[in-house]
Amino acid sequence: MARKCELCQANKAVLKRPKTLQAICRECFYLVFETEIHHTIVQSNLFKPGMRVAIGASGGKDSTVLAYVLKTLNERYNYGVELFLLSIDEGIRGYRDDSLETVKRNQEQYQLPLKIISYKELYGWSMDDIVEAVGRKNNCTFCGVFRRQALDRGALMLDVDHIVTGHNADDIAETILMNIMRGDIARLQRCTEIVTAGDGCCKRSKPFKYTYEKEIVMYAYFKKLDYFSTECTYSPNAYRGFARTFLKDLEAIRPSSILDIIRSGEAMQVKSEIELPKQSSCERCGYMSSNRLCKACVLLEGLNRGVPKLGIGKTKKSDWDKLADEQNSSSDNSGAAQMMVKFDELRLQAQKQREERLLLNGKQGGSDGYYCSGGGCDAPQKITCCSKNSSTKQNCKNSCGGTSDSCQSDPIEATTVVSSK
Amino acid sequence: MSMYHQHRIKGRQQKYDNVEVFHIDESSLFKDAQEAKARDLISKYGFKTITAKLEDVFQETNSDFFTNVSIDDSAIEHKNKYPTSESPEKRSNALTHLFDQIKTYTAKEDMLDSIKAYLIVHAAQQNDCSVIAVGDSATRIAVKTIGYTSQGRGFSLPLDVGVSNRWFEGINIIRPMKDMLGKEVGYFNHCMGIDTAIVPTFTTRAPQKASIDRLTESLIVGLDRDFPSTISTIGRTAGKLEVTRKAIESPQCPLCGMPSEADSIEWRKMLSVSSLGDEEAMQNTTTPLIRAMCYSCQNTMRDVKPDAGLLPSFVNERSQNKAHNSQSLLKKQIESFLID
Ligand code: SF4
Ligand SMILES: [Zn+2]
Ligand SMILES: [Zn+2]
Ligand SMILES: [Zn+2]
């Protein structure tokens, strides 16, 4: 006789759940998998109604499952968020071109708007070009620095409040171990935070913080989700190798280990208010930076000058300053970076978009109602309605008792107004 | 291994009035323990020696727990000191039965560590010692740091591996050998002609993946071979972790004796949904004793079969005695550790 599911006691058990080793059926697996993510979202207050949320989508298993699950949960639990797909095209032949095709199919399948930002367009260099110039040594440094900024630009272009990424529990547990072994106490105390500040335009979070990698693969497999499973061509195999192996071995000894490590990491965490970094911005591109030029601009300068070592490893502060001064004095700054749209410009555009959306929604406001997600509103049930550009008072759709003019926040600065559905 | 001997030092600062050696006889669990040799070696130190057996934790009263033994060999006999109601055989059986009912080596090691930790602190309290010096080397501290982290023990980790741990009332646990590598200690002993007794563990001669501690040890030893600074770097990380106010103000875990976070059960249930029943029903399946334990000890208890019989008597005692330390007194002792 077939083994019964340990959870519902009704269906046939088809899998052994990696996190708990329970033998369960497919339906129960979906349920517990999704419920744990829902718990994470609610517990950490990740979303508020009306938020615009971009999913960093690579076409790989993590982000594909994330997009699918968030869409499902958003409908099931009425988070009231608007989802977008945001992809970075690093320009890696045989890897990113194919995985982007997957993202485009996901866009169709999940009916989510997609924005693709390409390194080549943004920086004038694709990763293929970069590897050709610098070899296979520091390619991931370039890629990482460029990605961070590209994501923030994408977020501004989409005018989202929040970027979610597919980092899973295994990634986080591994990072905790690595930070202990590296002696990086500051990172150790930060790496378990579920929400981190982005460039000041939006926050980033990891809804899969407690989700096991194996279960993500299982979920994608059973749901027959369309994802791309090839590794990046330039991925250095040895990177983090021993920590990964150790983690896998730990998981084999005690399945809860991954969760246990995160539990430990959280206990070591220094509770910090998520504050926007008080940093100045890059003189060239306007991106946040503690130096006069941001890391991306320095790396780019090195590439353009044919000295790719620039900005790799430790660079003296005086060198950075010198670079910045040279930039200011030379009259024809025609490097690719100079053509990069400045962040201030992007912010302005985002604000404009916001105003337009407000106006559009304001017109429909009478029937759809108003929500406010910023300003003084911090919990869904406390939401007041606001629409300063609407001439008539509106009753709150959330039946909080407020009217459209009871909201203190400036709709253009701090609010997103969306129609209820 | 010199780590075997838990050196208890009485006194303050570097000058101690009196040093006593505390030794735990583990031979009821490990048949091939070199007990006689160990005692012989200890007797050569010329300090007053106190000995306890692991099974001592299975008795009704623990008032007369330990035998004070002089250097005189013949005096290392303590069976008459126990209440007659419980025979040494019964205690020893309770001990082996408990360990037989633990399903994993990881949990066996944890249980053993908890028992030993209790015995050590108890001995210090009974003998008016204000300082306990333990022989953790840098290597051992690195293994503990990674291993404890992997078992969800992050909450009490700063106490578990710190230079100075004042969690237990009136006692400071210090680790004077924290900067010496395990192999340096071995080399020192070799050069000085110091003989050591081999201390067997559950995973002696077992494969690498036998337990978390064993796995962690091979990771650290391997890393140290390729990247020689690994151990000291981990030690530095551990040294920088601060004992939080939250930990200091938490109740004591009845099993390991360290601070226990209140929300462990709820946290686990929220992120590892393992039943479809409603919350209430799930809560009832957790006994108050388990609920009082720290997250990591709850992991251990998950590997103990339900018919394990008795837990060591101190587990119950601690769970009944809610106030671990009188808070004000404690705070005074740890003021310098507190961060707001
Ligand atoms: S592995 Fe590939 S995609 Fe990832 S950072 Fe390195 S180059 Fe970029
Ligand atoms: Zn089922
Ligand atoms: Zn810049
Ligand atoms: Zn405990």
Side-chain angles (χ1 to χ4, degrees), chain A residues 5-9 17 19-22 24 28 31-40 42-43 169 173 176-177 179-186 188-189 192 209-212 242-243 245-247 249-250 252-271, chain B residues 104-107 142 145-158 208-212 214-216 218-220 222-223 226-227 229-230 232-242 244 246-247 261 264 267-277 295-296 298-299 302-303 339:
Chain A
C5 166
E6 284 182 45
L7 289 181
C8 64
Q9 320 286 353
R17 190 178 177 205
K19 209 186 227 176
T20 60
L21 294 189
Q22 285 174 312
I24 58 176
C28 286
L31 184 68
V32 292
F33 182 91
E34 291 158 2
T35 305
E36 287 165 12
I37 297 162
H38 172 61
H39 284 163
T40 308
V42 173
Q43 185 72 15
I176 295 171
L177 292 176
N179 284 332
I180 295 177
M181 294 196 242
R182 268 199 220 114
D184 195 334
I185 192 90
L188 173 64
Q189 294 181 322
T192 42
K209 182 179 173 189
Y210 305 105
T211 308
Y212 279 30
F242 65 91
T245 315
F246 177 66
L247 200 66
D249 290 346
L250 270 180
I253 295 174
R254 179 179 275 171
S256 67
S257 289
I258 294 173
L259 215 51
D260 298 344
I261 293 174
I262 301 178
R263 174 80 177 168
S264 286
E266 287 181 351
M268 300 170 191
Q269 186 178 319
V270 170
K271 295 266 182 282
Chain B
T104 62
Y105 283 124
T106 304
T145 303
I146 301 290
Y148 282 9
T149 301
S150 305
Q151 299 181 55
R153 202 170 268 289
F155 192 55
S156 59
L157 188 68
Q208 198 178 301
K209 289 187 205 170
S211 78
I212 292 181
R214 179 80 182 77
L215 178 74
T216 311
S218 56
L219 170 85
I220 298 296
L223 277 177
D226 303 337
F227 312 95
S229 63
T230 308
S232 59
T233 310
I234 297 175
R236 240 181 299 119
T237 316
K240 281 187 219 152
L241 291 173
E242 291 186 78
T244 58
K246 193 174 162 210
E261 271 169 306
S264 302
W267 191 87
R268 194 193 300 271
K269 276 185 178 147
M270 183 177 76
L271 301 170
S272 180
V273 178
S274 56
S275 114
L276 299 182
Y295 180 84
S296 185
Q298 287 174 1
N299 275 338
R302 286 152 72 92
D303 289 344
I339 45 169

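In this structure, chain A has a heavy atom under 4.5 Å from the backbone of B/Ser211, while its side chain stays farther away. Within the 4.5 angstrom heavy-atom criterion, no atom of B/Ser229 approaches chain A. When heavy atoms are compared at a cutoff of 4.5 Å, B/Leu219 approaches chain A solely by way of its side chain, counted from C-beta outward. At a 4.5 Å heavy-atom cutoff, the contact between B/Tyr148 and chain A is made by backbone atoms alone. For A/Cys28, the part lying under 4.5 angstrom from a heavy atom of chain B is the side chain only. For B/Arg236, no part lies near chain A; criterion is any non-hydrogen pair under 4.5 Å. Proximity to chain A is limited to the side chain of B/Leu223, based on heavy atoms less than 4.5 angstrom apart. At a 4.5 Å heavy-atom cutoff, the contact between B/Ala107 and chain A is made by backbone and side-chain atoms alike. Residue contact with chain B, scored on non-hydrogen atoms closer than 4.5 Å, involves the backbone and the side chain of A/Ile180 alike. Looking at B/Asp303, only its side chain comes within 4.5 Å of chain A, counting heavy atoms on both sides. For B/Leu157, the part sitting under 4.5 Å from any heavy atom of chain A is the side chain, from C-beta outward, and nothing else. Proximity to chain B (any heavy atom under 4.5 Å) is shown, for A/Ile24, by neither the backbone nor the side chain. Contact of A/Leu188 with chain B is made through the side chain alone, with heavy-atom distances under 4.5 Å.
For B/Lys240 (side chain) and A/Ile185 (main-chain N/O), no donor-acceptor pair under 3.5 Å exists by modelled atom type. No side-chain donor-acceptor contact under 3.5 Å links B/Ser272 to the backbone of B/Lys269. Using modelled atom types, no side-chain atom of B/Thr233 and backbone atom of A/Met181 make a donor-acceptor pair closer than 3.5 Å. With hydrogens and angles ignored, the 3.5 Å screen pairs a side-chain donor or acceptor of B/Thr106 with a backbone N or O of B/Ile212. Between the side chain of A/Tyr210 and the main chain of B/Met270, no donor-acceptor pair closer than 3.5 Å is present. With A/Lys19 contributing its side chain and B/Leu271 its backbone, the two residues share a donor-acceptor pair below 3.5 Å.
When all heavy atoms of A/Lys209 and A/Thr192 are compared, the closest pair comes out as NZ-O, 2.6 Å. In terms of heavy atoms, A/Leu177 sits closest to B/Ser150 at CD2-OG, 4.3 Å.
In terms of heavy-atom pairs under 4.5 angstrom with chain A, the leader among B/Thr145, B/Ile146, B/Ile220 is B/Ile146. The most heavy-atom pairs under 4.5 Å with chain B, out of A/Val32, A/Thr20, A/Ile258, A/Leu250, come from A/Leu250. Considering only heavy-atom pairs separated by less than 4.5 Å from chain A, the leading option among B/Glu261, B/Arg302, B/Lys246 is B/Glu261. Among A/Glu36, A/Gln22, A/Arg263, the residue making the largest number of heavy-atom pairs under 4.5 Å with chain B is A/Arg263. Between chain A and the residues B/Thr230, B/Ile234, B/Asn299, the most heavy-atom pairs under 4.5 angstrom are made by B/Asn299.
Rounded to the nearest 0.5 angstrom, A/Ile253 CD1 and B/Gln208 CD are separated by 8.5 Å.
Under the ring-ring contact (aromatic ring centres under 6.0 Å, His included) criterion, B/Tyr295 pairs with B/Trp267, not counting sequence neighbours.
The existence of a salt bridge linking A/Glu6 and A/Arg17 is excluded, since no basic side-chain nitrogen approaches an acidic carboxylate oxygen closer than 4.0 Å.
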